[in-house]
Trainee: 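Would you mind keeping the following structure in view while I ask a few things?
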Amino acid sequence: MFKRTNHITVPKQLGSVTQIDTQAEISPYDVSMTRDNVEAIWNSVESFYKTGLQPGMTMVIRRQGEIVLKRAIGHARGNAPANHSEQETAIIPMQPDTPICLFSASKAITAMLVHKLVELGQVDLNERVATYIPEFGCNGKENITVSQVLSHRAGIPIIPMKNPHPSLMFKWDSVIDLINSGYTSQGDGRTQAYHAIVGGYVLGEIIQRVTGKSVAQALADFIAKPLGAKYLTYGLPAKHRDSAAFNYSTGATPPFPINALAKRALNIDFEKIASISNTDDFMNVAIPAGNIYGTADEVSRFYQMMLDGGSYNGKQLFEAETIRNAIRPAGPLTVDRTLMIPIRFSNGFMLGENLFSLFGIKAKKAYGHLGLINIVSWADPARELSVAFLNTGKSLDARSVPALGKVLASVSQNCSILHP
């Protein structure tokens with residue numbers, strides 16, 4: 001074994017920390033793949049694990065609706081990096097069905113709750129947010145539309161408060177009051193600036209006011225229960241917390257300006273996020289933009305439902321037209337003013353590109369979402385893929401992005417395009 005500072009211990013024999021759901025995985029030859037293709041993808045995941053930056057990872061890949069890969073590596077808890085201060089008495093292996101916080105990958109699922117209300121005729125994406133939240137319509141925010149919030153063009157990328165305490169996230173009404181009273185000079189929809197936290201609260205408040213139910217209940221009614229998901233919840237009920245994976249801050253401390261960009265986007269010091277997410281306070285509440293818990297299988301199932309025109313197991317969760325509207329580009333490829341990378345959004349999803357994107361190589365038709373640096377979940381209609389890659393190492397270490405890139409590239413390179 002070897003261990004670097006602020007890294008996990010990586011065993012020489014990775015099989016000792018690997019779990020494979022052999023009953024779930026079908027023969028890849030049945031879905032236009034080979035065993036070598038599947039193992040090449042998993043080898044890229046193992047390479048990421050060998051960096052020592054990821055305490056635990058799970059991945060599920062569906063190809064043509066069938067599971068070809070359902071595996072886990074590492075630990076859900078224990079084997080923490082050297083800087084981890086919380087006391088842990090047990091080492092718990094990561095399982096393929098361990099629930100993990102999706103962080104910002106939650107946004108895509110929350111967005112579909114809004115699209116469901118559009119389908120039901122209760123929300124209009126081109127309507128002003130103030131129609132549903134009258135208190136919102138002031139200080140430059142009068143004409144901001146629901147669509148602009150979904151596509152990160154509302155001009156309200158951060159909570160309007162200097163150095164907010166992390167506990168603010170646990171106080172829904174206080175956050176809504178701050179957002180409603182906030183000012184923007186960019187409420188015309190022209191500027192794309194990723195809304196890491198704020199947009200989720202606005203959308204969640206719309207959902208609650210329109211439906212008269214909590215955003216958590218809306219998620220259960222419209223998505224989680226119809227998908228047969230055990231989890232897919234905002235936060236996590238106390239009865240499931242012992243099985244949940246913990247998150248860990250790993251790797252080198254990010255240098256300026258990376259650390260400053262991360263704090264600007266998240267309103268919180270990057271290194272604090274992992275430990276906060278392991279608390280009961282975090283799991284007790286709904287944070288629509290950032291704290292859905294689910295398994296890789298459940299998240300892949302969600303994207304498979306979208307690939308299948310809103311249908312799952314004989315149930316029609318969404319009309320096909322709703323899916324098409326949700327993934328239609330909301331604007332051109334542009335450098336996002338928060339993330340400082342070129343990226344396109346639909347009304348709720350990050351979109352793929354031809355050369356390289358969050359969803360691999362030649363993935364222009366793909367759509368999905370990133371979750372706190374290394375979590376990626378997506379659908380690729382051209383390849384008939386639905387993928388969930390969940391992990392617990394929160395790192396801005398220089399080796400993390402290349403390792404993630406190799407995983408994404410391996411998926412697209414080993415799953416041929418079926419629909420050019």
Side-chain angles (χ1 to χ4, degrees), residues 101-120 122-125 127-137 141 144-161 164 166-182 194-225 231-237 265-268 277 281-294 302 318 326 345 347-349 369 371-372:
C101 182
L102 307 184
F103 291 100
S104 284
S106 305
K107 289 180 174 65
I109 299 174
T110 296
M112 289 310 298
L113 297 180
V114 177
H115 285 286
K116 184 64 179 179
L117 298 183
V118 173
E119 178 181 299
L120 295 174
Q122 297 178 327
V123 170
D124 184 338
L125 295 188
E127 187 57 78
R128 296 177 305 118
V129 172
T131 299
Y132 308 103
I133 311 174
E135 310 94 298
F136 181 88
K141 307 190 304 299
I144 293 172
T145 66
V146 178
S147 174
Q148 288 166 353
V149 176
L150 283 164
S151 60
H152 303 273
R153 291 175 174 270
I156 48 172
I158 61 174
I159 293 174
M161 181 180 185
S167 64
L168 178 64
M169 291 190 300
F170 312 144
K171 301 171 183 177
W172 183 287
D173 291 342
S174 296
V175 174
I176 295 298
D177 287 345
L178 280 168
I179 294 171
N180 286 342
S181 62
Y194 182 66
H195 294 28
I197 297 294
V198 172
Y201 282 107
V202 174
L203 298 173
E205 185 73 3
I206 291 173
I207 291 165
Q208 295 190 153
R209 294 199 185 195
V210 168
T211 65
K213 61 178 70 174
S214 70
V215 68
Q217 190 60 52
L219 174 59
D221 291 348
F222 292 136
I223 295 177
K225 289 180 181 178
Y231 305 106
L232 282 188
T233 54
Y234 292 111
L236 200 61
L266 300 167
N267 288 107
I268 301 172
S277 73
D281 286 341
F282 183 85
M283 298 184 200
N284 282 337
V285 300
I287 303 174
N291 82 332
I292 290 178
Y293 280 76
F302 167 79
F318 299 91
F345 286 96
N347 281 317
F349 293 83
H369 219 284
L372 198 56

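The figures here come from the full heavy-atom set of this structure, side chains too, leaving out hydrogens, waters and symmetry mates. Sequential numbering from 1 along the given sequence is applied to the chain's residues. Please read these numbers as outputs of a predicted model, since none were measured by experiment.
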Trainee: Check salt bridge (charged side-chain N to carboxylate O under 4.0 Å, His left out) between Glu127 and all other residues, then give those that pass, not counting sequence neighbours.
Mentor: none
Trainee: Can you name the residues that form a ring pair (Phe, Tyr, Trp, His ring centres under 6.0 Å) with Phe282, not counting sequence neighbours?
Mentor: none
Trainee: Which pair of heavy atoms, one from Gly290 and one from Cys101, lies closest together, and at what distance?
Mentor: O-SG, 3.7 Å
Trainee: Is the shortest side-chain heavy-atom distance between His369 and Phe349 below 4.5 Å?
Mentor: no
Trainee: Considering all heavy atoms of both residues, which atom of Pro288 and which atom of Gly200 are nearest to each other, and what is their separation?
Mentor: CB-O, 3.2 Å
Trainee: Please check: side-chain N/O of His115 versus main-chain N/O of Asn347, any donor-acceptor pairing under 3.5 Å?
Mentor: yes
Trainee: How many angstroms lie between atom CD1 of Ile292 and atom CG of Leu232, to the nearest 0.5 angstrom?
Mentor: 7.0 Å
Trainee: Do Tyr201 and Ile206 make a side-chain contact, defined as non-hydrogen atoms from C-beta onward lying under 4.5 Å apart?
Mentor: no
Trainee: Mind checking what makes side-chain contact (heavy atoms from CB on, under 4.5 Å) contact with Thr145, not counting sequence neighbours?
Mentor: Ser147, Gln148
Trainee: Any chance you could measure Leu236, atom CG, to Asn291, atom CG, to the nearest 0.5 Å?
Mentor: 9.5 Å
Trainee: Do Ile207 and Tyr132 have side-chain heavy atoms sitting under 4.5 Å apart?
Mentor: no
Trainee: Measure the NZ-CD1 distance between Lys141 and Ile144 for me, rounded to the nearest 0.5 Å.
Mentor: 7.0 Å
Trainee: Using the test side-chain hydrogen bond (donor to acceptor under 3.5 Å, both in side chains), find all partners of Ser151 that sit at least two apart in sequence or belong to another chain.
Mentor: none
Trainee: Give, for atom NE2 of His152 and atom OH of Tyr194, the distance between the pair rounded to the nearest 0.5 Å.
Mentor: 6.0 Å
Trainee: Test Arg128 against Phe136 for side-chain contact (heavy atoms from CB on, under 4.5 Å), laying out the working first.
Mentor: CA-CA 10 Å; Arg128 296 177 305 118; Phe136 181 88; over 6 Å; no
Trainee: Can you list the residues that meet the side-chain hydrogen bond (donor to acceptor under 3.5 Å, both in side chains) rule with Lys225, with sequence neighbours excluded?
Mentor: none
Trainee: Any side-chain to backbone donor/acceptor pair from His195 onto Val149? Under 3.5 Å, distance only.
Mentor: no
Trainee: Run the side-chain donor-acceptor check on residues 167-179: report pairs under 3.5 Å with partners two or more places apart or on a different chain.
Mentor:
residue, atom, partner, partner atom, Å
Ser167, OG, His165, ND1, 2.8
Trp172, NE1, Glu205, OE1, 2.7

Trainee: Once side-chain contact (heavy atoms from CB on, under 4.5 Å) is applied, do any residues pair with Ala216, and if so which ones, sequence neighbours excluded?
Mentor: Ser214, Tyr234
Trainee: Any donor and acceptor pair, going by atom type alone, linking the side chain of Ser104 with main-chain N or O of Gly371 inside 3.5 Å?
Mentor: no
Trainee: Only counting residues at least two apart or in another chain, list the ones meeting ring pair (Phe, Tyr, Trp, His ring centres under 6.0 Å) with Tyr293.
Mentor: none
Trainee: May I ask you to decide if Val215's main-chain N or O and Gln208's side chain share a donor-acceptor pair within less than 3.5 Å?
Mentor: yes
Trainee: Among residues at least two apart in sequence or on other chains, which ones pass ring pair (Phe, Tyr, Trp, His ring centres under 6.0 Å) with Tyr231?
Mentor: His240
Trainee: So how far is it from Ile223 CD1 to Leu113 CG, rounded to the nearest 0.5 Å?
Mentor: 4.5 Å
Trainee: Hey, could you give me each pair passing salt bridge (charged side-chain N to carboxylate O under 4.0 Å, His left out) that has a residue in residues 105-119? Not counting sequence neighbours.
Mentor: Lys116-Glu119
Trainee: Which heavy-atom pair separates Gly137 from Ala130 by the least distance, and what is that distance?
Mentor: CA-CB, 3.7 Å
Trainee: Going through the distances and angles, do Thr211 and Gln217 end up as a side-chain contact (heavy atoms from CB on, under 4.5 Å)?
Mentor: CA-CA 10 Å; Thr211 65; Gln217 190 60 52; over 6 Å; no
Trainee: Could you list the residues that satisfy side-chain contact (heavy atoms from CB on, under 4.5 Å) with Glu135, not counting sequence neighbours?
Mentor: Ile133, Asn180, Arg209
Trainee: Mind checking the CD1-CE spacing from Ile159 to Met161? Nearest 0.5 Å is all I need.
Mentor: 9.0 Å
Trainee: Would you mind reporting whether Leu125 and Val114 have side-chain heavy atoms less than 4.5 Å apart?
Mentor: yes
Trainee: Keeping to residues at least two apart or across chains, list the salt bridge (charged side-chain N to carboxylate O under 4.0 Å, His left out) pairs with something in residues 145-159.
Mentor: none
Trainee: Which atom pair, heavy atoms only, marks the closest approach of Pro160 to Gly182?
Mentor: CG-CA, 4.0 Å
Trainee: Please name the pair of heavy atoms, one in Gly235 and one in Thr233, separated by the smallest distance, quoted to 0.1 Å.
Mentor: O-OG1, 2.8 Å
